[in-house]
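Have a look at the structure below before the remarks.
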Amino acid sequence: MKKVLISTLVFTIASFIPALAGDAEKKLMEWAKKKGCFTCHDLDKPKNSIPFRVIAKEYKGKPDAIDTLVKSIMFASFGKWQKIGPEKYGMKPRAIYMPRQRQVTKEEATEIVKLILSLDTSKIKVKK
């Protein structure tokens with residue numbers, strides 16, 4: 001009986017994970033459109049800058065990831081991806097810097113970063 005209950009519980013939880021991931025991705029797409037992020041970023045392909053999934057792959061699991069990325073949004077960043085993009089992920093951004101995003105509050109930036117970090121990065125290849 002316990003095995004049946006545990007199996008049912010595991011199956012139920014596992015069936016909700018893709019839906020939750022899809023919701024986070026959908027929410028990120030809404031924020032990115034609303035705040036102008038798509039001018040330079042895309043979810044999966046390089047544009048003027050690195051795609052959101054690559055950003056997630058690079059920062060996921062790092063203890064200072066949220067603070068670092070929020071600061072990049074709020075106060076700008078310069079040359080962060082010029083070396084690591086081509087060497088590690090095989091993509092060089094056209095933009096050298098990310099300007100300060102004045103239209104984004106700190107709370108919004110934090111929400112956007114959390115959504116970026118929640119993206120599935122399993123298909124992102126890292127060069128050896």
Side-chain angles (χ1 to χ4, degrees):
M1 185 65 173
K2 277 187 179 180
K3 286 183 181 181
V4 172
L5 284 173
I6 290 171
S7 296
T8 304
L9 181 62
V10 168
F11 176 77
T12 304
I13 291 170
S15 66
F16 280 107
I17 291 173
L20 293 174
D23 288 346
E25 192 172 298
K26 187 177 176 183
K27 216 178 219 184
L28 174 61
M29 299 296 275
E30 290 169 6
W31 272 109
K33 186 176 180 182
K34 181 179 174 184
K35 295 299 179 177
C37 305
F38 286 139
T39 302
C40 295
H41 296 279
D42 187 77
L43 197 60
D44 296 301
K45 296 177 244 156
K47 254 177 134 174
N48 287 331
S49 193
I50 297 296
F52 288 136
R53 283 193 207 280
V54 173
I55 294 168
K57 181 80 167 187
E58 182 64 24
Y59 285 94
K60 213 177 251 192
K62 292 185 178 178
D64 63 341
I66 293 174
D67 288 339
T68 300
L69 293 171
V70 167
K71 285 178 185 171
S72 291
I73 293 170
M74 301 298 300
F75 305 111
S77 66
F78 184 80
K80 193 184 283 190
W81 288 94
Q82 294 303 310
K83 185 174 181 181
I84 195 170
E87 287 180 3
K88 193 168 182 181
Y89 298 102
M91 52 182 74
K92 183 174 183 174
R94 288 183 273 181
I96 294 173
Y97 73 98
M98 178 172 155
R100 177 179 175 195
Q101 303 301 306
R102 295 171 193 226
Q103 77 281 12
V104 181
T105 66
K106 185 173 183 180
E107 292 76 24
E108 291 169 336
T110 302
E111 178 68 19
I112 291 167
V113 166
K114 286 178 180 178
L115 290 168
I116 290 170
L117 293 174
S118 75
L119 292 172
D120 174 22
T121 60
S122 61
K123 294 182 181 173
I124 301 298
K125 304 278 188 264
V126 176
K127 292 171 79 176
K128 299 286 175 185

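Side chains included, hydrogens not; waters and symmetry mates left out as well; all remaining heavy atoms used.
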Exercise for the section: Name all pairs fulfilling the ring pair (Phe, Tyr, Trp, His ring centres under 6.0 Å) condition that reach into residues 102-128, sequence neighbours left out, sorted by first residue then second. Expected result: none
Practice task
Evaluate whether atom NZ of Lys34 has more than 12 neighbouring non-hydrogen atoms of other residues, nucleotides or ligands under 6.0 angstrom away.
Solution key: no
Exercise for the section: Please check if atom NZ in Lys60 has more than 12 non-hydrogen atoms from other residues, nucleotides or ligands closer than 6.0 Å. Expected result: yes
Handout entry: Validation row: Met91, Pro51 side chains within 4.5 angstrom (heavy atoms)
Key = yes
Handout entry: Interatomic distance, Lys57 atom NZ to Leu117 atom CG [nearest 0.5 angstrom]
Key = 13.0 Å
Completion exercise
In short, Thr121 meets Ala56 closest at the heavy-atom pair CG2-CB, 3.6 Å
Handout entry: Qualifying side chain to side chain donor-acceptor pair (under 3.5 Å) pairs, either residue in residues 91-100, two or more places apart
Key = none
Handout entry: Separation of Phe52 CZ from Leu119 CG (nearest 0.5 Å)
Key = 8.5 Å
Only distances under 3.5 Å count here; give the side-chain donor-acceptor pairs of residues 37-49 to other protein atoms, sequence neighbours excluded, each with its distance to 0.1 Å.
unit_1: Thr39; atom_1: OG1; unit_2: Gly36; atom_2: O; d: 3.0
unit_1: His41; atom_1: ND1; unit_2: Ile50; atom_2: O; d: 2.8
unit_1: Asp42; atom_1: OD2; unit_2: Asp44; atom_2: N; d: 3.0
unit_1: Asp42; atom_1: OD2; unit_2: Lys45; atom_2: N; d: 3.1
unit_1: Asp44; atom_1: OD1; unit_2: Arg53; atom_2: NE; d: 2.4
unit_1: Lys47; atom_1: NZ; unit_2: Phe38; atom_2: O; d: 2.3
unit_1: Asn48; atom_1: ND2; unit_2: Thr39; atom_2: O; d: 3.4

Problem - For Tyr59, side chain to side chain donor-acceptor pair (under 3.5 Å) partners two or more places apart - result: none
Problem - With Lys35 via salt bridge (charged side-chain N to carboxylate O under 4.0 Å, His left out) - residues at least two apart - result: Glu108
Fill in the blank from the handout: Minimal heavy-atom distance between Lys125 and Tyr89, with the atoms involved, is O-CD2, 3.7 Å
Problem - Any donor-acceptor pair under 3.5 Å from Lys127 side chain to Pro86 backbone - result: yes
Practice task
Apply side chain to side chain donor-acceptor pair (under 3.5 Å) to Gln103 and list each qualifying residue two or more places apart in sequence or on a separate chain.
Solution key: Gln101
Handout entry: Met98 and Trp81, any side-chain heavy atoms less than 4.5 Å apart
Key = no
Fill in the blank from the handout: CD of Glu111 to NZ of Lys106, rounded to nearest 0.5 Å, is 14.5 Å
Problem - Lys88: side chain to side chain donor-acceptor pair (under 3.5 Å) partners, not counting sequence neighbours - result: Glu58
Kindly list each side-chain donor-acceptor pair under 3.5 angstrom involving residues 66-75, sequence neighbours excluded, with atom names and distances?
unit_1: Thr68; atom_1: OG1; unit_2: Asp64; atom_2: O; d: 2.8
unit_1: Thr68; atom_1: OG1; unit_2: Asp64; atom_2: OD2; d: 3.4
unit_1: Ser72; atom_1: OG; unit_2: Thr68; atom_2: O; d: 3.3
unit_1: Ser72; atom_1: OG; unit_2: Lys80; atom_2: NZ; d: 2.4

